[in-house]
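All of these numbers come straight from a predicted model, not from anything done at the bench. Count residues from 1 along the sequence. Counting convention: from 1, in listed order, for ligands and their atoms alike.
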Amino acid sequence: MNITKIREDFPILGRTVYGRPLVYLDNAATTQKPRCVVDAITEEYYSVNANVHRGVHFLSQQATELHEAARETVRRFINARSTNEIVFTRGTTESINLLASSFGEACMTEGDEIIVSTMEHHSNIVPWQLLRERRGIVIRVIPMSDDGRLLPDEYERLFNERTRLVCVAHVSNVLGTVNPVRQMIATAHAHGVPVLVDGAQSVPHMAVDVQALDADFYAFSGHKVYGPTGVGVLYGKEKWLDRLPPYQGGGEMIQHVSFERTTFNELPYKFEAGTPDYIGTHALATALDYVSALGMKDIEAYEHELTRYATERLQAIEGMRIFGTTPDKGSVISFLVGDIHHFDLGTLLDRLGIAVRTGHHCAQPLMERLGIEGTVRASFSFYNTREEVDALVAGIERVRKMF
Ligand code: PMP
């Protein structure tokens, strides 16, 4: 991969902050956008914009074609069987809330259980807690080893005749652990239980094949995979989506409405009430085409090597503690240095132009498990370089000497 050339596609990477070149290492929070994605947005607003579906006029039909072509692009990108299985949402969070609401309604009663993991993002915990309040369900938690690995035997032991769903992150946004979701899904299926995979941190970094994984549901966000904010995806096997009731009511999701009785639209529209973010879906498809052209395998290999290099260099810093040390982890490194508070370290790195994230990373139960309040997190993209890793290391050394 020609990183110098790739970086030219991302105008923001050329800017300075506090008079220093920007070193953007907060890619797990959101990724920067290539020019083609921003162009797709402006071009569609300037030359196509019209509300989608059922419009007889030219622009509406063209906008509908772009929107539905985007659904096909997403289908291909994650290798779903059918576009009926691709529901557009606002992001991972909404995808999970949709499922908690619809699956909870159709498939769960008081005392039924779900299994989540210790390392889940709040967005894969709190929707289930809200369901617990409404329905009296039970949430069981897969424990984790100190290096950040979910314990397979403990996982297996959590299943019983009341287990209805497993909800697990493919890649941890804090530890970088790549969970063995394929095996975990096979285990769940052996117990007759479907699985939701939170793919927010996997889809941007590796080739994902929902059929090979045999995932029942798979959620991800557009903005973390170089697309726009405000658009995301819930993949669901057709047999499941068919069974589930709508999430929100409104236009688009109906077949016929009368005051006595309303019938619902076919898949996937049943789950897409209201005007969809059709500009966003087209821009997301543009982003997926962009990363596909780079090659997900090449992206994964490059980021893996960069993360390996960063880990090696960071480990050499005195007082360095890295959280999440499983082999073959994703491109996220969470750490603390000596007794420097994560917020102080992040703030001082910021003054050097280095953007990292600090805090609990929306994973407070995981922080509790690790016995810490928060970490500094550096997360990498294919547009990051060894020089940027060196700048991070030099920055940390500089802060360390101040303390
Ligand atoms: N799950 C994981 C693992 C995440 O990293 C994030 C974003 N930090 C989310 C869910 C939520 O994504 P969003 O805010 O885009 O809905």
| field | Side-chain (Thr163) to main-chain (Asn160) donor-acceptor, under 3.5 angstrom | value | yes
| task | List, ordered by chain and residue number, the protein residues whose closest non-hydrogen atom lies under 4.0 Å from any atom of ligand 1. | result | Thr92, Thr93, His121, Ser123, Asn173, Asp198, Ala200, Gln201, Ser221, His223, Lys224
| request: Using a strict 4.0 Å threshold on nitrogen-to-oxygen distance, state whether Arg162 and Glu113 make a salt bridge. | output: no
| field | salt bridge (Lys or Arg N to Asp or Glu O under 4.0 Å) partners for Arg182, two or more places apart | value | none
| query | Are Tyr383 and Phe10 an aromatic pair by the rule of ring centers under 6.0 Å? | reply | yes
| query | In chain order, what residues pass the ring pair (Phe, Tyr, Trp, His ring centres under 6.0 Å) check against His189, with sequence neighbours excluded? | reply | none
| task | Applying side chain to side chain contact (heavy atoms under 4.5 Å, CB included), name anything that partners Thr83, two or more places apart in sequence or on another chain. | result | Arg71, Glu72, Arg75
